[in-house]
Amino acid sequence: MNALASQVLKGDQRSIARLITLAENSDILASQAMKDIHPHTGHAHVIGITGVMGSGKSTLIAELTSEYRKKGLQVGIIAIDPTSPFSGGALLGDRIRMMELATDDGVFIRSMGTRGMLGGLTSAVYDVVEILDASGKDVVFVETVGVGQAEVDVVKIADTTLVVLVPGLGDAIQTIKAGVMEIADIYVVNKADRPGVEQTEAELQSLVDISCSGKDRQIPIIKTAAKEHQGIIELVNEIERHQKYLKKSRLFDTQRRKRYEAELVEIIRKRLMNFIFDESTFKEKVEILIDQISKKELDPYTAADEILGKIIK
Amino acid sequence: MTRKIRVLVAKPGLDGHDRGAKIVARALRDAGMEVIYTGLHQTAEMVVDTAMQEDVDVVGLSLLSGAHMTLFIDVAKLLKKKGMEDVLLIGGGIIPEDDVPTLKKAGIAGVFGPGTPCEHIVEFIQKNVKQ
């Protein structure tokens with residue numbers, strides 16, 4: 001077995017951190033280790049947390065993690081923040097809300113930039129979930145960037161998806177639009193100590209009444225005030241209830257299958273893109289084609305055929 | 001894929017002035033780096049544990065309270081103890097000239113006082129980070 005992989009399986013912090021970096025950089029060294037750890041994954045319950053900017057996702061994760069730690073469970077946290085499309089840099093600040101977890105050996109936190117991915121996640125997030133899972137974490141949180149309405153990719157990776165709202169976000173029509181509001185397994189109304197919480201709850205309830213009508217599971221709405229440590233135990237209980245429901249209804253396997261599908265597609269996409277745009281000979285060819293398109297000597301569709309024709313034989 | 005430089009910007013100790021740290025963090029971000037900012041009141045253990053989990057290439061400490069001779073050196077020692085000598089350690093804040101040689105000897109590779117243009121820090125990191 002790959003040396004790095006075997007250290008990761010033992011839970012060695014430095015090796016976990018190193019392998020995550022390699023995976024993030026699409027380093028060739030990562031793929032061998034990833035092959036070796038895959039058979040040792042599948043244990044961790046993956047909880048996706050998504051919601052608008054400032055809804056308190058990081059604080060909520062910190063509170064939930066403290067609760068899981070009391071139960072003796074090991075926790076991994078992947079906190080994603082946006083990468084600047086202009087400089088390629090990123091300011092990753094989710095840890096600020098997780099300070100009290102910093103020196104706990106049973107918690108591994110990793111901050112990641114989106115690095116050009118849309119959808120609220122980052123390309124290597126599938127790898128990082130597998131790495132933390134294989135290293136012995138019982139629960140893995142995936143915190144998306146602060147989302148708008150259409151960033152729904154987290155649902156592909158999470159076993160349980162929490163959509164976090166706060167009072168005063170807007171009228172009822174917002175809650176019936178497509179996108180983020182459709183992916184929740186549990187709705188969390190955070191900052192529930194603020195005014196307007198009853199209205200938010202009522203609007204959500206009417207959404208649940210419509211969308212869950214006739215289904216065997218109603219999406220629960222949990223009120224929390226994470227900073228005040230309120231509602232956290234109720235939320236943990238609700239996540240456990242969802243976990244049991246997944247197992248009982250066999251949705252669990254369907255959902256995991258979806259994750260592997262998304263992961264496979266992502267690996268292929270990344271390799272293809274690297275092949276087309278990073279390999280030097282190809283890159284030159286692409287530049288020439290773009291010049292031709294600019295001068296109207298060629299159209300984008302014909303150029304695409306030309307590039308794909310070189311790959312698909 | 002090109003490798004991105006990852007930097008932890010940390011404020012150890014009890015000093016609550018983080019404007020400088022945030023400005024530097026932003027400048028590094030604009031230079032294409034991934035910057036992890038952890039907020040105020042960090043212990044040396046928190047800084048080093050975070051640096052390990054985040055697998056950063058650089059740790060930048062900011063301190064304006066005068067405790068740098070203790071706290072910067074504590075971080076340097078702890079990094080060494082955990083076998084993380086390959087991490088580039090730099091610091092900034094209100095640091096008297098006389099203290100700089102001792103800090104450098106202790107492993108703080110770059111020390112940046114008030115008035116340092118942000119580009120200097122960016123350049124220093126790009127030049128000295130372990131490839």
Side-chain angles (χ1 to χ4, degrees), chain A residues 12-28 30 58 76-84 86-105 107-116 122-124 128 132 135 270-271 273-274 277-278, chain B residues 1-12 18 21-58 60 75 78-79 81-87 118 121-122 125-126 129-131:
Chain A
D12 176 63
Q13 298 239 1
R14 241 199 138 185
S15 305
I16 297 168
R18 199 37 62 86
L19 182 53
I20 292 174
T21 305
L22 293 172
E24 236 189 336
N25 293 336
S26 309
D27 196 297
I28 234 155
S58 306
I77 300 170
I78 305 166
I80 306 171
D81 268 328
T83 295
S84 161
F86 305 106
S87 70
L91 194 53
L92 312 174
D94 290 321
R95 265 185 182 267
I96 297 174
R97 327 271 173 222
M98 304 176 185
M99 294 266 292
E100 67 274 22
L101 308 171
T103 52
D104 182 346
D105 283 343
V107 180
F108 191 101
I109 308 172
R110 183 66 172 233
S111 317
M112 301 178 78
T114 51
R115 298 198 183 182
T122 180
S123 173
V128 184
L132 292 173
S135 78
K270 212 170 2 179
R271 287 202 182 166
M273 295 303 274
N274 285 351
F277 295 106
D278 287 356
Chain B
M1 284 285 275
T2 45
R3 189 174 144 271
K4 273 190 207 298
I5 298 174
R6 285 171 64 89
V7 187
L8 171 64
V9 172
K11 285 208 54 88
D18 62 351
K22 282 177 179 162
I23 286 175
V24 171
R26 207 196 138 116
L28 300 180
R29 181 202 79 177
D30 289 342
M33 301 178 197
E34 281 185 348
V35 185
I36 294 115
Y37 181 61
T38 49
L40 303 169
H41 310 322
Q42 306 275 305
T43 63
E45 286 77 15
M46 287 161 105
V47 174
V48 172
D49 281 0
T50 302
M52 180 184 282
Q53 293 187 355
E54 298 287 355
D55 196 24
V56 292
D57 308 290
V58 185
V75 171
L78 207 52
L79 280 174
K81 196 174 149 203
K82 301 228 170 173
M84 296 165 68
E85 295 97 333
D86 55 340
V87 174
C118 285
I121 304 173
V122 170
I125 289 174
Q126 284 165 343
V129 73
K130 199 164 176 202
Q131 291 302 328

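Every chain is numbered from 1 and lettered A, B, ... according to where its sequence line falls, protein lines coming before strand lines. Because the structure is a prediction, the values reported are computed rather than measured.
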- [ ] List the steps, then state whether salt bridge (Lys or Arg N to Asp or Glu O under 4.0 Å) holds for B/Lys82 with B/Asp49.
- [x] CA-CA 9 Å; B/Lys82 301 228 170 173; B/Asp49 281 0; 3.1 Å; yes

Open item on the list: Checking B/Glu34 against B/Arg6 for the salt bridge (Lys or Arg N to Asp or Glu O under 4.0 Å) test, could you report, in this order, the C-alpha distance in whole Å, the side-chain angles of both residues, the deciding distance, and whether it holds?
Closed with: CA-CA 5 Å; B/Glu34 281 185 348; B/Arg6 285 171 64 89; 2.8 Å; yes

Open item on the list: Test side chain to side chain contact (heavy atoms under 4.5 Å, CB included) on B/Met46 and A/Arg95; report intermediate values, then the result.
Closed with: CA-CA 11 Å; B/Met46 287 161 105; A/Arg95 265 185 182 267; over 6 Å; no

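Interface remark: A/Leu91 contributes backbone and side-chain atoms alike to the contact with chain B (heavy atom separation under 4.5 Å). Neither the backbone nor the side chain of B/Leu28 comes within less than 4.5 Å of any heavy atom in chain A. Residue B/Met52 touches chain A through both its backbone and its side chain, counting heavy-atom pairs closer than 4.5 Å.
Annotation: A/Arg14, atom CZ; neighbour count of heavy atoms from other residues, nucleotides and ligands within 6.0 Å is above 12.
Considering only heavy-atom pairs separated by less than 4.5 Å from chain B, the leading option among A/Ala102, A/Ser111, A/Gly88, A/Gly93 is A/Ser111. Counting heavy-atom pairs under 4.5 Å between each of A/Met99, A/Met98, A/Arg97, A/Gln13 and chain B puts A/Met99 at the top.
Within the 4.5 Å cutoff, no side-chain heavy atoms of B/Val58 are placed close to those of B/Val87.
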